[in-house]
2 protein chains.
Amino acid sequence: MKMMKLPEKTVERLSIYRRTLLDCLAQGKTHIFSHELANLHNITAVQVRRDIMFIGYSSMQRKGYDVKELIDVIGGIIDSEARQNVAIIGIGNLGRAITTYFMGKRSKLNIVAAFDLDPNKIDRMVSGVKCYSMQNIEEIVKEKDISIAILTVPADSAAGTTERLVQAGIRGILNFTTVPLNVPSSVHLEEYDMITSLEKVAYFVKKQAG
Amino acid sequence: MKMMKLPEKTVERLSIYRRTLLDCLAQGKTHIFSHELANLHNITAVQVRRDIMFIGYSSMQRKGYDVKELIDVIGGIIDSEARQNVAIIGIGNLGRAITTYFMGKRSKLNIVAAFDLDPNKIDRMVSGVKCYSMQNIEEIVKEKDISIAILTVPADSAAGTTERLVQAGIRGILNFTTVPLNVPSSVHLEEYDMITSLEKVAYFVKKQAG
DNA sequence: TAATTACTGTTATTACAATAACATTGTTCG
DNA sequence: CGAACAATGTTATTGTAATAACAGTAATTA
């Protein structure tokens with residue numbers, strides 16, 4: 001059990017590497033060089049090796065990394081040993097895209113509930129996930145031991161919903177809304193702001209042009 | 001015209017500040033202190049002041065920043081003087097959410113076209129935007145002088161579509177797909193990877209628990 | 001077997017971002 | 001007025017991430 005703490009950016013890249021490696025494995029590739037992995041992600045081979053150094057894995061010299069082993073090692077680092085239960089708060093296309101990705105991936109991340117206001121969805125299955133009424137958030141979160149919430153509700157209900165999630169004991173929130181959230185430091189918050197991302201692209205496009 | 005280059009993170013925060021400031025203005029607030037703005041975003045007042053220092057704006061001492069002025073100054077920095085035309089490639093909920101946000105915001109960012117494969121959408125208006133066939137990407141991009149693309153297509157067509165966009169002369173891409181893209185360095189690429197974000201939340205939740 | 005090649009793993013350096021410390025300036029109030 | 005206050009603007013320091021430089025090692029080949 002590695003107790004060292006990984007750089008945040010390394011954690012991000014490991015998640016991406018793993019997906020690429022899974023693709024490679026599916027294509028029958030058994031070994032991969034650092035520069036191959038680097039080319040697939042527009043980064044340098046040094047960075048790949050450095051990330052892999054952090055997690056303490058070693059390749060067979062000159063043959064590249066064993067794809068299967070590396071997948072397992074990354075899993076050992078970033079996956080939880082226990083299951084982590086996830087809820088989608090506001091189940092639109094976004095939530096469904098994520099759900100679809102994780103379904104059948106036998107991952108430790110289990111999307112176990114959705115919440116919505118739409119009566120047509122409540123008490124039905126949406127993309128293979130049971131949808132509950134927003135009114136029952138606290139109850140279901142506790143009952144199903146949900147530790148992570150994906151927040152895709154309209155802007156005006158984001159703050160209130162967040163407060164209820166925190167009250168209910170949620171441990172991590174992935175915020176897809178366009179409003180900044182306030183959570184206690186014990187809750188890990190990941191902001192995912194599409195307006196900012198777009199304005200940022202626009203800014204750098206403009207800069208380059210001028 | 002400031003030619004200095006802003007830190008990337010500052011650009012991100014300016015985009016967020018502006019949205020908050022617009023809300024404040026709508027609520028009739030005319031001035032705001034650095035610590036107020038900071039509290040609204042879970043950051044420190046020093047960081048707010050430092051960001052504002054970068055763009056060269058000065059408040060009236062002791063009265064906080066003039067909300068309206070600050071909005072304009074931020075706009076002068078991050079907005080383009082010319083219009084920047086944007087296309088949504090694959091118009092699902094995601095694209096529609098972004099479109100809806102920018103509609104009526106009299107922003108310099110104009111979403112002028114959508115592309116999709118679905119014959120039910122092609123040649124119709126979707127969320128106020130004309131939808132075209134994927135086959136016509138090159139043509140329409142040039143015709144409408146589109147410089148920015150929001151990519152929300154399925155994973156397996158992401159790479160091919162990107163290549164066509166680059167060929168057509170696109171300058172910036174916001175990638176919502178879960179595959180890493182390869183673009184020439186002249187094209188600004190912003191990755192927006194929801195799987196990684198979720199795995200990252202899960203990792204830090206797990207760490208904190210253990 | 002010694003030199004060369006083609007990689008990996010580690011350390012050192014540089015660049016970037018956040019935080020802390022401090023100087024400055026209007027305002028208030030004794 | 002001038003001390004205390006409450007805010008901003010700037011410089012200095014620390015922390016984090018990326019890059020560069022280099023050392024090490026198995027395989028190959030003359």
Side-chain angles (χ1 to χ4, degrees), chain A residues 2 4-17 21 29-67 69-70 73-74 77 180 185 189-191 196 200 203-204 207, chain B residues 2 4-17 21 24 29-67 69-70 73-74 77 180 185 189 191 196 200 203-204 207:
Chain A
K2 306 289 156 23
M4 75 219 163
K5 71 165 189 292
L6 299 175
E8 198 162 323
K9 297 287 177 182
T10 295
V11 174
E12 287 180 22
R13 283 189 297 266
L14 289 173
S15 159
I16 299 171
Y17 296 161
L21 291 167
K29 204 165 166 54
T30 62
H31 291 78
I32 192 166
F33 296 123
S34 61
H35 62 263
E36 291 179 294
L37 209 39
N39 289 338
L40 290 167
H41 301 101
N42 275 338
I43 57 176
T44 67
V46 180
Q47 184 142 65
V48 171
R49 293 202 298 274
R50 210 159 188 293
D51 286 334
I52 290 174
M53 191 193 91
F54 274 122
I55 64 176
Y57 177 68
S58 268
S59 71
M60 315 240 289
Q61 289 273 8
R62 257 193 76 95
K63 289 194 175 160
Y65 302 99
D66 183 300
V67 174
E69 271 180 30
L70 188 47
V73 173
I74 293 175
I77 300 284
S185 64
L189 175 64
E190 193 76 18
E191 298 278 357
T196 291
K200 199 172 149 197
Y203 173 77
F204 286 108
K207 287 275 294 187
Chain B
K2 307 289 157 20
M4 75 219 163
K5 71 164 189 291
L6 300 174
E8 196 162 325
K9 297 288 177 183
T10 295
V11 174
E12 287 180 22
R13 282 188 297 266
L14 288 174
S15 159
I16 299 170
Y17 296 162
L21 290 168
C24 290
K29 205 165 164 56
T30 62
H31 291 78
I32 191 166
F33 296 122
S34 61
H35 63 263
E36 290 180 296
L37 209 39
N39 288 339
L40 290 167
H41 301 102
N42 276 336
I43 58 177
T44 66
V46 179
Q47 183 141 68
V48 171
R49 293 203 298 273
R50 211 157 188 294
D51 286 334
I52 290 174
M53 192 193 91
F54 273 122
I55 62 176
Y57 176 69
S58 267
S59 72
M60 317 239 289
Q61 288 272 10
R62 257 194 75 95
K63 289 196 175 159
Y65 302 99
D66 183 300
V67 174
E69 272 180 29
L70 188 48
V73 173
I74 294 176
I77 299 285
S185 64
L189 176 63
E191 298 279 356
T196 291
K200 199 172 149 195
Y203 172 78
F204 286 108
K207 288 275 295 188

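Protein chains get the first letters and strands the later ones, always in sequence-line order, with residue 1 at the start of each. Quick note: numbers below take in every heavy atom, side chains included, and nothing from hydrogens, waters or symmetry partners.
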Hey, can you pull the residues of residues 6-15 of chain B with a non-hydrogen atom under 4.0 angstrom from DNA chain C?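 Nucleic-acid contacts, sorted: B:Pro7, B:Glu8, B:Lys9, B:Arg13.
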What residue pairs, at least two apart or across chains, pass salt bridge (Lys or Arg N to Asp or Glu O under 4.0 Å) with a residue in residues 33-55 of chain B?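 Pairs touching residues 33-55 of chain B that pass the test: B:Arg13-B:Asp51, B:Lys29-B:Glu36.
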Could you tell me the separation between the [atom1] atom of [X] and the [atom2] atom of [N], rounded to a whole number of Å?
X       : N      : atom1 : atom2 : answer
A:Ile55 : C:dT8  : CD1   : P     : 14 Å
B:Gln47 : D:dT10 : CD    : C1'   : 15 Å
B:His35 : D:dT8  : NE2   : C1'   : 12 Å
B:Met53 : D:dT11 : CE    : C1'   : 9 Å
B:His31 : D:dT8  : NE2   : P     : 12 Å
A:Tyr57 : C:dC7  : OH    : P     : 17 Å
A:Lys5  : D:dG15 : NZ    : P     : 10 Å
B:Asp51 : C:dT19 : CG    : C1'   : 13 Å

Closest approach of [X] to [Y] (non-hydrogen atoms, all atoms of both residues):
X       : Y       : result
B:Ala38 : B:Thr44 : CB-C, 3.5 Å
B:Tyr17 : B:His41 : CD2-CE1, 3.8 Å
A:Val67 : A:Leu21 : CG1-O, 3.5 Å

Less than 4.5 Å apart, any side-chain heavy atom of A:Leu6 and any of B:Tyr203?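 Contact flag for A:Leu6/B:Tyr203 side chains = yes.
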If I take atom CD from residue A:Glu12 and atom CD from residue B:Glu191, how far apart are they, to the nearest 0.5 angstrom?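 Going from CD on A:Glu12 over to CD on B:Glu191, the span is 11.0 Å.
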Hey, does the side chain of B:Ser59 come within less than 4.0 Å of D:dA7's phosphate (OP1/OP2), counting only N and O? no
Below the 4.0 Å mark, does C:dT8 have OP1 or OP2 next to a side-chain nitrogen or oxygen of A:Ser34?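 Yes.
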Once base and sugar-phosphate atoms are separated, protein heavy atoms under 4.0 Å mark nucleotides 20-30 of chain C, 5' to 3', with B, S and - as B----SBS---
Go through the steps for A:Phe33 and A:Asn39 under the test side-chain contact (heavy atoms from CB on, under 4.5 Å), then give the verdict. CA-CA 10 Å; A:Phe33 296 123; A:Asn39 289 338; over 6 Å; no
Can you confirm whether more than 12 heavy atoms, excluding those of B:Met53, are under 6.0 Å from its CE atom? yes
Working note: A:Leu40 + A:Val48, criterion side-chain contact (heavy atoms from CB on, under 4.5 Å); need CA distance, chi angles, decisive distance, verdict. CA-CA 11 Å; A:Leu40 290 167; A:Val48 171; over 6 Å; no
